[in-house]
Enquirer: 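For reference, the structure I am asking about is given below.
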There are 2 protein chains.
Amino acid sequence: MPTIKEIAKISGVSVATVSNIINEKGKVSEETRIRVQKVIEEMNYTPNSVAKNLKTKNSRCIGVIAEDMTVFALPDIIDGITEYCEKEDYQILLVNLRLYKKFEDTYYQSDRYGAIVQREIYKLLSKQVEGIIYVAAHERLINVLPQQLPVPMVVAYSYTTQKGIPSVMVSDEQGARELVKYLISMGHRRIGVIAGKKDSMHTRSRLEGYQRALFEGNVLYDPDLVVYGDWERPSGYRNTDYLLEKNVTAIFCMNDFMAGGAYDRLDERKRKVGKDIAVVGYDNREMAGYEKPPLTTMGLPLHDIGYRASEIIIELMKQDEKAEAESSIAYVDCKAFIRDSVNRI
Amino acid sequence: MPTIKEIAKISGVSVATVSNIINEKGKVSEETRIRVQKVIEEMNYTPNSVAKNLKTKNSRCIGVIAEDMTVFALPDIIDGITEYCEKEDYQILLVNLRLYKKFEDTYYQSDRYGAIVQREIYKLLSKQVEGIIYVAAHERLINVLPQQLPVPMVVAYSYTTQKGIPSVMVSDEQGARELVKYLISMGHRRIGVIAGKKDSMHTRSRLEGYQRALFEGNVLYDPDLVVYGDWERPSGYRNTDYLLEKNVTAIFCMNDFMAGGAYDRLDERKRKVGKDIAVVGYDNREMAGYEKPPLTTMGLPLHDIGYRASEIIIELMKQDEKAEAESSIAYVDCKAFIRDSVNRI
DNA sequence: TTGTACGCGTTATCAT
DNA sequence: ATGATAACGCGTACAA
């Protein structure tokens, strides 16, 4: 790895001239430029960006803290982050907390959790990142972030009420509303719900969307048509009988797994999905398209969440030290995948 | 963000002393140590690791180039990388090439591809990473890596014959062999194969494993029992009839999607999987466990591949400039997931 | 147009 | 035990 000094010496100029050429600061004759350029080519010289960073104080690097890479939502979110960062020529320092592996799925209740997050943030800071995006594994309230960070921070797929930290979330309310409106447009009026866990933000927002769609469609909201599962397939299976007794013509499952469970039970009870009864899911997981019949579901805008989070953080970074960011929440819309699990009645 | 100078000034000592305290270089009285420590605490001082890196030339950072984050194998591989790197206190600079988005799925035939990879490698180098792991989206021969890199490089989930670059791959041969041996142990002799694309490494290796298992089980290899699909579900569906005509009692599909397609066709033909006929898949994709009956399949050691790749690269980094690494290939074993799709006959 | 000298935040060497 | 100072590789005034 040659340094700028060596390039200067070999081309017979000073380091200043080489630097000027690299950074296109004019003030250099065409003649010497091509001579030096040639040496740079030949030596395969790349400026040491660590030294550059030390001098100029911009690392063109943002830190991304992922709660757990292997949770299905994360890769797409990170993909969105990298897409925008590539456009803006920022690189990514990735931290994978591996929270699901280290703790149970209630890691965020662990007292060690907050300390871990903060330690990683300070590590990132010591590497001079210009901003930090925290990517959660599922939506909830996050309040373990340090106050008064020297660089902007953004929370993706969760939210925080901490000052100056914007959040980017899925518009679950819009997604559920759109999906249920679709059901209504297909003639369904008695629409059962197999909800997720009761304390989940996703559950609450999707339920609101369901209620609003009903209201806008002039359908009375019947609380008895809502039953709670636990996001797992068996809970979809178990709760189907109850809704059938209520004579629903459609079942809105709050994720695709539970919809799969409902499929299983409906199959046993000889009710043909997409013919005798409608089922819709949420998330658009890979298996949704492979169910029989293919499941109509609401896709999560994961990529867009990551993309939006990067947009926000880079915007904040450009503003530099100016007015503190608001702790706003940006919602990104879901997009439906209409397949064959909904019949018209 | 305070600097070491400020800490020195405030504690009334020289920067050298502060540095010595931070790095535990002895030679400092207990008295001044605690005084300085206190200032460090109060000021919330963290050493600037960019400056430290410039001086000491170890960034404790490795570069990870992912061909496409959103391909199913990648998150687990990266997770494995991060696990080992965390233990060794290395951080990760992530590059997501997004190759599947930018090109077709034959990106590696594009002439731009090689240039892109090399550009990213030099970017990483300029950030002073101490090693680079290249994570491919599927196994094949990779030969676009630059020669004579100043830091070690390892290829994960593919291989290269380039000098000094070790590779880590799935032991497809072992996986297929184990799976087919299991079929044989369950009494099956006429075992049909729905293979992947003919030019895929995975296909070739898995076919070898199949043949070896047959040989070891004293079963004649009948080439007519092997048919080629394209990894997609419909190709599993299409090829099932052919194998049925050949009177196979078991079908080895080279991935879970094609196994799903076989399920579909078998269902139409009233052949009960796990009762009248056996089906096995490969990869252990999420949907495998949800098929009816749950699919017996061979799991890919993705996490372990990442882990192993980190082990190798960090080992190489420790060896420093010493003897060039061999361009060896490490194979990591697959692990079977026995479920309910194989009957005993 | 080109070169000199300094500073960025550290660590390391060598005095004191 | 502590401090002054020279690197590390680069960018940039300012001088030439």
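These numbers come from a predicted model, not from an experiment. Lettering of chains follows the sequences in order, A, B, ..., and the numbering in each one begins at 1.
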Enquirer: When you get a sec, tell me which of C:dT2, C:dC8, D:dT2 is the closest nucleotide to the side chain of A:K57?
Expert: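 Nearest to the side chain of A:K57 among the choices is C:dC8.
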Enquirer: Donor-acceptor pair under 3.5 Å: do we get one between A:K52's side chain and the base of D:dG9?
Expert: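 Donor-acceptor pair under 3.5 Å: no.
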Enquirer: Closer than 4.0 angstrom, basic N to acidic O: yes or no for A:D89 and B:K123?
Expert: yes
Enquirer: Decide side chain to side chain contact (heavy atoms under 4.5 Å, CB included) for B:M69 and A:M69; before the verdict, give the C-alpha distance in whole Å, the side-chain angles of both, and the deciding distance to 0.1 Å.
Expert: CA-CA 10 Å; B:M69 280 280 305; A:M69 278 284 302; 4.2 Å; yes
Enquirer: In terms of side-chain heavy atoms of B:N48, which of D:dG9, C:dT10, C:dT2 is nearest?
Expert: C:dT10
Enquirer: Can you tell whether the side chains of B:K38 and B:E41 come within less than 4.0 Å, N to carboxylate O?
Expert: no
Enquirer: Would you indicate which nucleotide in D:dC10, D:dG3, C:dG3 comes nearest to any side-chain atom of A:A16?
Expert: C:dG3
Enquirer: Within less than 4.0 Å of OP1 or OP2 of D:dA1, is there a side-chain N or O belonging to B:T17?
Expert: no
Enquirer: Is B:N23 close enough to C:dT11 that one of its side-chain N or O atoms is under 4.0 Å from OP1 or OP2 there?
Expert: yes
Enquirer: Using only side-chain N and O atoms of A:S29, determine if any of them is under 4.0 Å from OP1 or OP2 of C:dT2.
Expert: yes
Enquirer: List the steps and the verdict of side chain to side chain contact (heavy atoms under 4.5 Å, CB included) for A:I142 and A:E67.
Expert: CA-CA 12 Å; A:I142 293 182; A:E67 288 192 340; 4.1 Å; yes
Enquirer: By nearest atom, which of the nucleotides C:dG9, C:dA12, D:dC10 is closest to the B:K25 side chain?
Expert: C:dA12
Enquirer: Can you tell me if the side-chain N/O atoms of A:S14 get under 4.0 Å from OP1 or OP2 in C:dG3?
Expert: yes
Enquirer: Which nucleotide, C:dT11, D:dC10, C:dC8, lies nearest any side-chain atom of B:K5?
Expert: C:dC8
Enquirer: C:dT2 phosphate, OP1 or OP2: any side-chain N/O from A:T32 under 4.0 angstrom?
Expert: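 The answer is yes; a side-chain N or O of A:T32 sits under 4.0 Å from OP1 or OP2.
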